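Working notes for the structure below.
Counting begins at 1 with the first residue of the sequence. Please read all numbers here as calculations on a predicted model, not as lab measurements.
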Amino acid sequence: MIVFMLISGLFIVMSPYNFVENGNTVIAATKKPVPEYAKWGKLAMKETQNKYPQAQIIDYLHMGREINNGNTTERFKLWIRQEKMEFGVFVTITFDTKTEKVVKIMIIETPK
């Protein structure tokens, strides 16, 4: 059985083939590159948390990037839990491609 974990930016693979040295398991770890959209994903989560301060973000999906007329648009879907309800929000962040200055942030609720 192979187990994959992401801990503090390190991608760790645990398998029966890990090395044992002096009774301790030595785990091979590789650093996974940070995706280009990570900065915007953090902003999407922050803005969602501002709009729904009592909610807990329970899932996150980057839906894609679009570049058009000097602006870049990043799209995310976040699944949130607030009280006993769960619902999704689409977060769209548009920014100037060269300066990375935010032009517009939209948050739209969705039942699915």
Side-chain angles (χ1 to χ4, degrees):
M1 180 172 147
I2 299 175
V3 179
F4 298 94
M5 294 186 298
L6 183 62
I7 301 173
S8 299
L10 291 178
F11 187 65
I12 298 176
V13 179
M14 295 180 65
S15 75
Y17 308 106
N18 291 333
F19 303 100
V20 176
E21 182 178 289
N22 298 329
N24 297 318
T25 302
V26 178
I27 300 170
T30 59
K31 187 157 182 137
K32 192 174 182 181
V34 176
E36 288 183 55
Y37 61 82
K39 170 183 178 176
W40 306 107
K42 288 178 186 178
L43 180 59
M45 289 189 288
K46 178 182 172 191
E47 292 296 319
T48 300
Q49 200 68 66
N50 287 343
K51 185 170 181 172
Y52 304 96
Q54 303 302 316
Q56 175 186 12
I57 298 171
I58 55 176
D59 202 5
Y60 163 99
L61 173 68
H62 177 246
M63 298 182 65
R65 167 182 279 198
E66 183 179 308
I67 301 171
N68 196 7
N69 296 328
N71 287 333
T72 300
T73 300
E74 295 283 6
R75 290 181 168 66
F76 300 90
K77 182 173 183 183
L78 283 68
W79 195 253
I80 62 178
R81 181 179 299 135
Q82 183 168 289
E83 297 172 4
K84 294 185 181 194
M85 289 180 17
E86 286 189 12
F87 57 97
V89 292
F90 290 109
V91 181
T92 304
I93 302 172
T94 302
F95 59 93
D96 182 283
T97 304
K98 289 182 182 176
T99 65
E100 293 193 342
K101 181 178 179 185
V102 174
V103 174
K104 178 171 58 171
I105 299 175
M106 290 184 357
I107 300 175
I108 301 171
E109 288 184 27
T110 178
K112 296 181 182 181

Might you point out which heavy atoms bring Thr110 and Val89 nearest each other, and give the distance in Å? CG2-N, 4.1 Å
Sidechain-backbone polar pair: Gln56 side chain, Ile80 backbone, donor-acceptor under 3.5 Å: no
What pair of heavy atoms forms the shortest contact from Glu66 to Arg75, and how long is it? OE1-NH1, 4.0 Å
Exercise: identify the closest heavy-atom pair between Ala44 and Val91: CB-CG1, 3.7 Å
Where Asp96 and Thr99 come nearest, the two heavy atoms and their spacing: OD1-N, 2.9 Å
Got a sec: does the NZ of Lys46 have more than 12 other heavy atoms crowding it under 6.0 Å? no
More than 12 heavy atoms from other groups under 6.0 Å of CD on Glu36: no
Suppose clustering is done on Ile, Leu, Val, Met, Phe, Trp and Tyr with side-chain heavy atoms closer than 4.5 Å. Which residues sit in the same group as Phe90? Leu61, Met63
Is there a donor-acceptor pair under 3.5 Å between the side chain of Thr94 and the backbone N or O of Thr73? no
How far apart are the C-alpha atoms of Ile58 and Glu86, what are their side-chain angles, what is the distance that settles it, and do they pass the side-chain contact (heavy atoms from CB on, under 4.5 Å) test? CA-CA 9 Å; Ile58 55 176; Glu86 286 189 12; 3.8 Å; yes
Centroid-centroid under 6.0 Å between Trp40 and Phe95 rings: yes
Say you draw a straight line from NE2 of His62 to CD of Glu74; how long is it, rounded to the nearest 0.5 Å? 4.0 Å
If hydrophobic clusters are built by linking Ile, Leu, Val, Met, Phe, Trp and Tyr wherever their side-chain heavy atoms come under 4.5 Å apart, do Trp79 and Ile107 end up in the same one? no
Using atom types as modelled and distance alone, determine if a side-chain donor or acceptor of Gln49 lies under 3.5 Å from a backbone N or O of Tyr52. yes
Ile67 versus Thr72, closest heavy-atom pair with distance: CG1-OG1, 3.7 Å
Could you tell me the separation between the CG atom of Asn71 and the CD1 atom of Ile93, rounded to the nearest 0.5 Å? 13.0 Å
Mind listing the closest non-hydrogen atom pair of Gly88 and Lys77 along with its distance? CA-CE, 4.4 Å
Determine, using the 4.5 Å side-chain heavy-atom cutoff (strictly less than), whether Met106 and Leu43 are members of one ILVMFWY cluster. no
